[in-house]
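Taking it in order: structure first as structure tokens, then the write-up.
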Amino acid sequence: MITVHHLNNSRSQRILWLLEELELDYEIKRYQRDPETMLAPASLMKVHPLGKSPVVTDGSLTLAESGAIIEYLVDTYDEQGRLAPQRDTRDRLRYTYFLHYAEGSAMPPLLLRLVFDRIAEGPVPFFVKPVTRAISARVNNDFIQPQIDRHLDFLEGELSRRRWFAGRSFSAADIQMSFPLEAAASRGVIGDHRPKLTAFLDRIHARPAYQRALERGGEYALGR
């Protein structure tokens, strides 16, 4: 039996969605973020030394990292080949690219945005707050937001040429790409001038497997 060690409001929601798309039986072991720090609880370190989520166990196997988990589950259980393009095709190259791009390139500037927003909003002595807010605003405006815009423009262009990230058909690459785009939407940075990204989010939210994963995974609010 596959077990998903599921942290609320985290990347592990993607794994629940993938398992629903694959129509596999699985169990959920739930973990809650610390309400003050929003960090994962120390109990996750008993499952994997880094204490991060997602982590899945499948028999004697324990596997972390969203991309690695997605590749393992698709390669092992997608017997009909519904969620990965055929090998040795351009679509397969795009599929592999976006599996890695989502965390390797798209997420870092969004995480920086989150960190610097928290610095600006965090509790500091009143005489320091203007300094922290000024530094945060300068970094966001001069470095982070231009990087986010570059990535979002790139992704808008990709979806202007094809319906899904790997090609004409939905794939696990779209599941992997959901988290950075939902994170961007929750921070209000996609904008009305990127309709293809908004339409992509609407399409994935309408998928029955996505909705079933929400029902099983619980509240999912990336804006927090």
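All values below were derived from every heavy atom in this structure, side-chain atoms included, with hydrogens, water molecules and symmetry-related copies excluded.
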Hey, are the side chains of [X] and [Y] touching, using non-hydrogen atoms and a 4.5 Å cut-off?
X	Y	value
Leu110	Phe179	no
Phe143	Leu112	yes
Ile28	Thr3	no
Asp78	Leu73	no
Leu83	Phe170	yes
His5	Val56	no
Leu181	Ile204	no
Ile2	Asp25	no

About how many Å separate [atom2] of [Y] and [atom1] of [X], when rounded to the nearest 0.5 Å?
X	Y	atom1	atom2	answer
Ser169	Arg162	OG	CZ	12.5 Å
His151	Met107	NE2	CE	11.5 Å
Ile175	Ser66	CD1	OG	11.0 Å
Leu159	Thr198	CG	OG1	10.5 Å

Specify the closest pair of heavy atoms between [X] and [Y], including all atoms of both residues, with the distance to one decimal.
X	Y	value
Ile190	Leu152	CA-CD1, 4.0 Å
Gln13	Leu214	NE2-N, 3.4 Å
Ser171	Pro85	CB-CD, 4.4 Å
Phe98	Gln176	O-CG, 3.9 Å
Pro54	Ile69	O-CD1, 3.7 Å
Glu156	Lys196	OE2-N, 2.9 Å

Salt bridge (charged side-chain N to carboxylate O under 4.0 Å, His left out) partners of residues 100-111, not counting sequence neighbours, each pair once:
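Salt bridge (charged side-chain N to carboxylate O under 4.0 Å, His left out) check on residues 100-111 returns Arg11-Glu103, Arg14-Glu103.
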
Hey, would you say the Phe200 and Phe165 ring centroids sit under 6.0 Å apart?
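Yes, ring centres under 6.0 Å apart.
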
Mind checking whether Phe154 and Tyr101 have ring centres under 6.0 Å apart?
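Centroid separation for Phe154 and Tyr101: below 6.0 Å.
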
Sidechain N-carboxylate O distance under 4.0 Å for [X], [Y]:
X	Y	result
Asp91	Arg94	yes
Arg163	Asp174	no
Arg207	Glu21	yes

Donor-acceptor under 3.5 Å ([X] side chain, [Y] main chain):
X	Y	value
Asn8	Arg33	yes
Arg113	Pro108	no
Glu20	Ala209	no
Thr96	Arg92	yes

Would you indicate whether [X], at its atom [atom1], is surrounded by more than 12 heavy atoms from other residues, nucleotides or ligands within a distance under 6.0 Å?
X	atom1	result
Gln145	CD	yes
Arg203	CZ	yes
Asp88	CG	no
Arg82	CZ	yes

Taking only residues at least two apart or on different chains, which pairs with a member in residues 44-87 satisfy ring-ring contact (aromatic ring centres under 6.0 Å, His included)?
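Residue pairs passing ring-ring contact (aromatic ring centres under 6.0 Å, His included), neighbours aside: none found.
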
Set out, in order, the CA-CA distance, both residues' side-chain angles and the distance that settles side-chain hydrogen bond (donor to acceptor under 3.5 Å, both in side chains) for Ser12 and His6, then state yes or no.
CA-CA 6 Å; Ser12 58; His6 175 54; 2.6 Å; yes

Using a side-chain heavy atom cutoff under 4.5 Å and only I, L, V, M, F, W and Y, what cluster partners does Leu7 have?
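Its cluster partners, ordered by chain and number, are Tyr31, Leu44, Val47, Val55.
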
Tell me whether the NZ or CZ atom of Arg212 lies within the 45° cone about the ring axis of Trp17 and under 6.0 Å from its centre.
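The answer is no; the distance or angle limit is not met.
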
